[in-house]
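Quick note on labels: first sequence line is chain A, next is B, and so on, each numbered from 1. Side-chain atoms are counted along with the backbone in the values below, which use heavy atoms only and exclude waters and symmetry mates.
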2 protein chains.
Amino acid sequence: MVNIQRVAKEAGVSVATVSRVLHDQNTVTAKTRLKVEEAIQKLNYQPSMLGRNLRKSESRLLLVLIPEISNPFYFDIIKGIESIAISHNYNILLCETDSSPERENIYFDLIRTKMADGIISMDPAVNMDALMDLAEKHPIIQCSEYTAEGEIPYVTIDNEAASYQAVKHLIKIGNEKIALINSNKKYLYARQRKKGYQRALEEQGVVVRKEYIYHTEHLGFEYGQQAVKNILKVNDPPTAIFAVSDLLAIGALKELHAQGLHVPDDIAVVGFDKIHFSNMTNPTLTTIAQPMYKMGTLAVEMLIKRIKGENVESIILDHELVIRESTSG
Amino acid sequence: MVNIQRVAKEAGVSVATVSRVLHDQNTVTAKTRLKVEEAIQKLNYQPSMLGRNLRKSESRLLLVLIPEISNPFYFDIIKGIESIAISHNYNILLCETDSSPERENIYFDLIRTKMADGIISMDPAVNMDALMDLAEKHPIIQCSEYTAEGEIPYVTIDNEAASYQAVKHLIKIGNEKIALINSNKKYLYARQRKKGYQRALEEQGVVVRKEYIYHTEHLGFEYGQQAVKNILKVNDPPTAIFAVSDLLAIGALKELHAQGLHVPDDIAVVGFDKIHFSNMTNPTLTTIAQPMYKMGTLAVEMLIKRIKGENVESIILDHELVIRESTSG
DNA sequence: ATGAAAGCGCTAACAT
DNA sequence: ATGTTAGCGCTTTCAT
């Protein structure tokens with residue numbers, strides 16, 4: 001491996017000058033610069049980031065924590081993150097935690113050992129205490145899922161309002177018996193979306209029925225299917241379902257179809273996230289769109305500011321109800 | 001940041017001894033070890049990987065090149081890669097190339113500048129010449145998509161045989177007019193799968209009709225929909241469709257449904273990859289399953305061997321035809 | 001069993 | 001405008 005010393009020797013200058021040329025400093029005469037550039041060319045020199053990183057005490061790596069890479073909800077967020085990160089000369093370590101604290105801890109160690117410069121956490125299952133601890137010493141931003149208790153800045157949407165709007169829509173098209181397929185209560189977004197659901201019903205003077213609320217262990221088609229199986233068993237079954245994730249809603253559609261029910265005539269369905277798939281189902285899925293790409297770009301920008309030592313404010317972005325076939329005969 | 005010096009001082013030993021304790025070398029007496037461990041505890045010391053990496057001239061980062069993070073085909077491969085990588089104390093930099101050479105080059109530079117120790121390329125759009133060039137000096141493995149010309153080891157399946165089997169199945173259930181929704185010809189897998197398609201038809205004495213073959217620019221639902229629109233326009237339209245990707249097949253299902261055709265009664269459909277979603281469509285999709293997770297684990301294992309300087313052989317894994325509703329009334 | 005010291009490749013403060 | 005040099009934090013060889 002040819003290093004900066006070798007180049008300096010070849011060009012007949014000092015390593016400092018080579019470094020200056022490398023960083024486009026204009027304190028170098030055109031003539032010297034040329035000599036150095038020729039030497040670099042000739043030796044096919046590529047500066048080692050290992051040396052630079054140690055010297056500057058940075059890794060230029062950013063951690064992005066997600067529970068599951070297979071949830072399409074994260075796609076556009078990641079794309080947003082990636083595009084901004086690259087333009088700032090950072091790279092992204094996509095960390096799938098599988099909601100496991102051990103796995104999580106491996107990634108936290110990456111920060112502690114200087115292998116990474118900051119974290120964007122999108123993992124609702126993350127050990128919040130550990131995260132807040134880490135945030136005392138390291139730059140961290142929360143994206144989508146967050147905790148308001150600590151000091152960690154976040155970018156997200158108003159989950160309660162979004163959920164409220166979804167259920168309002170179901171009410172407006174004539175439903176009062178509305179089931180909720182929710183995810184695990186331990187997640188803030190789950191509690192917030194439940195609140196929106198309740199508020200919409202109560203405002204309408206409809207009593208919230210426990211049998212209509214189903215909590216799933218994880219997000220995934222199977223869980224949506226299972227939820228519908230349970231929900232249809234109750235006396236006086238619902239005429240509409242609101243699922244807090246498109247994955248659950250798509251599983252629900254599948255199971256409803258298996259049971260011979262027609263959507264939306266027999267039962268209406270609303271999802272959440274507007275993942276790409278949700279337009280390929282039959283019927284297409286009414287859902288809440290989140291500005292995922294924007295969320296991603298904002299999250300990195302905030303993180304990079306934090307790394308530079310600047311302060312940042314949390315941000316709440318707008319959502320949008322997208323009405324498609326599953327709620328409109 | 002507390003460093004190894006500080007710990008050594010605290011423990012009253014040399015930095016060498018601290019390093020020895022850190023690496024579990026048994027050349028340290030229990031007593032000394034204890035002193036050091038206490039100092040580490042007390043100071044909450046975490047060794048910096050930046051120093052270690054420079055010293056060892058490694059980054060313990062592996063690059064995984066994929067064209068698009070949103071193609072579910074890669075999920076399980078990535079999971080496989082990740083699990084093995086972590087157990088070997090490597091981390092994964094997931095690199096979405098968007099099939100752009102510039103983007104690709106940014107990632108190649110990561111290798112050249114020692115920011116990464118090796119590459120697993122799954123990008124069919126990769127600049128093969130550049131990759132082969134890079135492979136002269138750096139450890140590289142190809143996964144799924146490959147070129148046999150160079151010296152780069154790969155792990156993949158027998159695309160032609162898989163495709164042959166898919167089409168054979170369509171023939172067996174009574175089809176002779178079979179369309180092919182293929183991806184871009186410049187990809188090896190596309191050419192191989194076309195060959196299998198042709199061989200199956202010719203073996204049956206069926207003439208391959210150009211109008212039945214549609215090439216898409218990219219993989220994605222929309223392209224599958226577009227393909228069907230075109231294919232149905234021909235005189236004497238096909239009674240079956242084989243798509244080289246589940247994404248295309250799912251788009252095809254959608255468009256067939258939009259045109260009022262019933263699958264499989266009016267027209268049968270086979271996909272490729274057995275992505276998770278292919279079981280959520282209506283009807284569920286017959287498809288070719290690839291051992292993705294295995295592919296991923298093998299690819300990293302090969303790569304790690306290469307990094308160690310060992311030689312590895314390319315591997316061809318088995319596939320499997322999974323018959324579901326889209327080909328069985 | 002432990003310590004001293006060199007050196008990985010780079011940047012930047014300081015000197016000229 | 002350019003050079004000299006210290007030092008980032010670690011591992012490892014060589015001595016003791």
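- One interatomic measurement links the two molecules: CG of B:N53 to P of D:dT12, which rounds to 12 Å at whole-angstrom precision.
- Taking CD of B:Q142 as the start and CG of B:L188 as the end, the distance is 9.5 Å to the nearest 0.5 Å.
- Here the shortest heavy-atom pairing between A:E96 and A:I69 reads OE2-N, 2.9 Å.
- The aromatic rings of A:Y154 and A:Y146 lie parallel to each other, their planes meeting at an angle below 30°, with 60° marking the opposite boundary.
- Rounded to whole angstrom, the span from the CD atom of B:Q25 across to the P atom of D:dC10 amounts to 15 Å.
- A:L22 places its CG atom 8 Å from the P atom of C:dC10, with the value rounded to the nearest Å.
- Distance CE (B:M115) to P (C:dC10): 14 Å, rounded to an integer number of Å.
- For the pair B:Q5 and A:K31, nearest-nucleotide mapping onto DNA chain D gives the more 5' position to A:K31.
- Candidate nucleotides C:dT2, D:dC10, C:dC10 were compared by shortest atom distance to the side chain of A:Y45, and C:dC10 ranks first.
- Atom CG of A:L34 and atom P of D:dT2 are 12 Å apart (whole Å).
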For nucleotides 4-8 of chain C, print each protein N/O atom paired with a nucleotide N/O atom at under 3.5 Å, atom names and distance only.
{"from": "C:dG7", "atom 1": "N2", "to": "B:R55", "atom 2": "NH1", "distance (Å)": "3.4"}
{"from": "C:dC8", "atom 1": "O2", "to": "B:R55", "atom 2": "N", "distance (Å)": "3.4"}

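- Nearest nucleotide to the side chain of A:T17, out of C:dT2, D:dG3, D:dA1: D:dG3.
- Looking at B:N105, its side chain never comes within 3.5 Å of a backbone N or O of B:P101 through a donor-acceptor pair.
- Distances shorter than 4.0 Å separate some side-chain N or O of B:T29 from OP1 or OP2 on C:dT2.
- With distances taken from any side-chain atom of B:S19 to the nucleotides C:dT2, D:dT2, D:dT12, the minimum falls on D:dT12.
- Taking atom CG of A:N26 as the reference point, atom P of D:dA1 lies 9 Å away to the nearest angstrom.
- Under 3.5 Å, the side chains of A:N26 and A:R20 contain no donor-acceptor pair of N or O atoms.
- Between B:E58 atom CD and C:dG9 atom P there is a gap of 14 Å when expressed in whole angstrom units.
- Ionic pairing of B:R33 and B:E37 is present here: one or more N-O contacts between side-chain nitrogen and carboxylate oxygen are shorter than 4.0 angstrom.
- A donor and an acceptor atom, one from each side chain of B:Q290 and B:D273, are located under 3.5 Å apart.
- Note: CD1 (B:I4) to C1' (D:dT12) measures 11 Å, nearest angstrom.
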